[in-house]
Amino acid sequence: MYGFEAMTFNIHGGYLEAIVRGYRAGLLTAADYNNLCQCETLDDIKMHLSATEYGPYLQNEPSPLHTTTIVEKCTLKLVDEYKHMLCQATEPLSTFLEYITYGHMIDNVVLIVTGTLHERDVQELLEKCHPLGMFDSIATLAVAQNMRELYRLVLVDTPLAPYFSECITSEDLDDMNIEIMRNTLYKAYLEDFYKFCQKLGGATAEIMSDLLAFEADRRAVNITINSIGTELTRDDRRKLYSNFGLLYPYGHEELAVCEDIDQVRGVMEKYPPYQSIFSKLSYGESQMLDKAFYEEEFHYGVFFAYMRLREQEIRNLMWISECVAQNQKSRVHDSVVFIF
Amino acid sequence: MMEDQEEKGNAENGIGRQKQVKDEYLLQFLDSLDGYLTLLDSLSSTLSQGWLELASARHAMGASRINGALLDLKVHAAATSLKVSEQDVDSMESQPCFTLCKWASSDNGERSSGEEKSLSPQLRHRNNSQLSGIISSPVSFSHFFNFFLSCEEEKVSTRTGTPLILVDQQRQKSLSVFGVLVSPKLRSAQLSFERALETLVEIANLHTTMLSMFEQVHKELENTNG
């Protein structure tokens with residue numbers, strides 16, 4: 001339909017596509033979620049997860065468990081799978097897989113910089129970093145006083161370097177500057193990833209453009225909702241939106257002036273794909289990601305979709321664990337996104 | 001004869017008044033006990049709500065955005081403080097009275113009833129395993145609780161806007177350790193913990209009233225038995 005991927009894709013990508021489809025089959029099912037939602041303690045959750053692919057990662061954890069331990073170990077599994085795929089991948093798939101982790105890299109940079117601003121120990125901050133976003137010189141971030149130094153000392157040699165051109169200033173780092181830096185970096189990253197996928201062409205470009213457009217739109221909505229009532233001006237808010245997506249550009253203009261959630265809802269309801277899923281944006285994304293597995297073959301979208309689905313699954317596990325630990329099982333279904 | 005009857009009448013009136021006073025003290029004690037238990041229940045549900053909202057915020061924003069490692073360790077003035085004063089109950093006794101001064105660094109503190117000794121030194125030594133589970137680091141309950149209440153001391157050079165606006169600004173400032181653009185759920189959690197703190201102070205006040213009433217009842221019982 002898109003090109004002649006069927007003829008050439010399997011030469012370099014066939015093995016890994018088979019691997020990732022196998023990984024996808026290991027995602028938790030509705031029955032698994034039903035069992036987990038009925039657990040009384042975190043040890044019950046561990047027992048139920050021992051029958052899944054997370055079993056080997058949790059089996060040696062002593063009681064009493066913490067919710068963070070469950071999340072850490074499940075994340076380790078994702079990291080192991082990702083590393084296996086990355087080491088087997090050739091270009092351009094290897095670059096594509098690396099792109100998937102740049103978001104975590106940005107989060108880690110902001111975590112280290114914010115923590116250093118608050119006089120926290122660097123080792124403590126490094127322990128909180130997401131493993132998929134680690135790079136060699138990350139600890140050196142703690143010495144930077146402003147964004148120019150941040151770039152010059154550390155980030156110039158990382159994949160995030162090209163994204164810094166829009167936010168290099170000599171202003172000292174403070175909470176507002178860091179927030180703007182975070183969102184500006186993420187905007188530049190999404191746009192770069194989008195362009196990279198367009199360059200790849202074929203089914204990958206088609207499917208990834210939909211997935212990344214959804215990501216950009218969801219980000220725009222989150223920025224809007226989270227900035228309501230804050231000091232962020234309308235112009236600053238508009239600058240943080242990505243330059244692509246279904247909401248670009250007219251939806252962004254309307255979102256920029258929203259002052260409450262009802263106005264945001266009103267904007268979103270003008271776009272048919274978002275009419276029914278505004279209240280369940282996460283579920284909508286899961287549906288799109290799942291489509292990437294079923295609707296087409298021979299494209300890189302399956303790798304992106306798998307990573308996102310696993311991350312959503314880990315978030316689900318975190319929420320279920322928190323509800324169980326806090327004895328609030330009646331609230332479990334508030335935030336669990338049933339992926340299948 | 002008439003005088004005997006009069007004396008008997010006066011004695012009966014005196015006993016009646018004593019009984020009335022005893023009943024009053026007893027009623028006040030039971031009222032304060034009821035209020036105390038009600039407030040304890042309210043505190044428990046407010047705290048549960050706060051913790052769940054915090055977990056919800058963490059679920060929405062991600063573990064790297066909300067965790068104990070981001071709390072500010074720089075020296076700064078607490079935005080909320082407690083004042084303890086003595087309140088005269090009657091001419092013989094006084095009892096401590098606790099007053100909460102919220103967002104005091106904005107110089108527009110909201111006040112709620114109650115007084116207590118300084119909060120920070122006592123609570124710094126408490127630990128809460130639920131907290132460490134949620135924010136994934138062994139931070140004491142008080143330290144985490146304090147972050148919601150503390151903010152960097154700032155000069156407010158002009159007093160623009162109503163006090164409520166300044167209080168909102170202080171609330172946002174307090175949350176800014178997690179970033180400027182935070183989830184509404186985190187703001188809800190902050191409000192829940194703020195309400196919980198107010199309830200705690202009310203509980204402390206009611207506790208002193210209850211103890212005072214109990215002593216009164218006890219005294220009356222001893223007088224009766226004596």
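Just so we're on the same page: letters track the sequence lines, and every chain starts at 1.
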Considering only NZ, NE, NH1 and NH2 on the basic side and carboxylate oxygens on the acidic side, decide whether [X] and [Y] come within less than 4.0 Å.
X        : Y        : result
A:Glu311 : A:Arg308 : yes
B:Glu53  : A:Arg331 : no
A:Glu61  : A:Lys46  : no
A:Arg310 : A:Glu313 : yes

Selection from [options] maximising heavy-atom pairs under 4.5 Å formed with chain B:
options                                : answer
A:His104, A:Arg182, A:His130, A:Glu127 : A:Arg182
A:Thr230, A:Ile223, A:Thr69            : A:Thr230
A:Gly229, A:Cys129, A:Gly133           : A:Gly229

Interface check, chain A: of B:Gln172, B:Met61, B:Arg65, most non-hydrogen pairs under 4.5 Å belong to B:Arg65

If you tally heavy-atom pairs under 4.5 Å between each of B:Asp168, B:Val182, B:Val180 and chain A, the highest tally belongs to B:Val180

Portion of [X] that has a non-hydrogen atom of chain B nearer than 4.5 angstrom:
X        : result
A:Leu111 : both
A:Glu119 : both
A:Met176 : both
A:Ile314 : neither
A:Asn183 : side chain

Please identify which of these residues, A:Asp43, A:Leu42, A:Thr41, meets the side-chain contact (heavy atoms from CB on, under 4.5 Å) condition with A:Ile45. A:Leu42

Is a donor on one side and an acceptor on the other found under 3.5 Å between the side chain of B:Lys102 and the backbone of B:Val167? no

Answer yes or no: is there a donor N or O on one side and an acceptor on the other, between the side chain of A:Thr233 and the main chain of A:Asp236, under 3.5 Å? yes

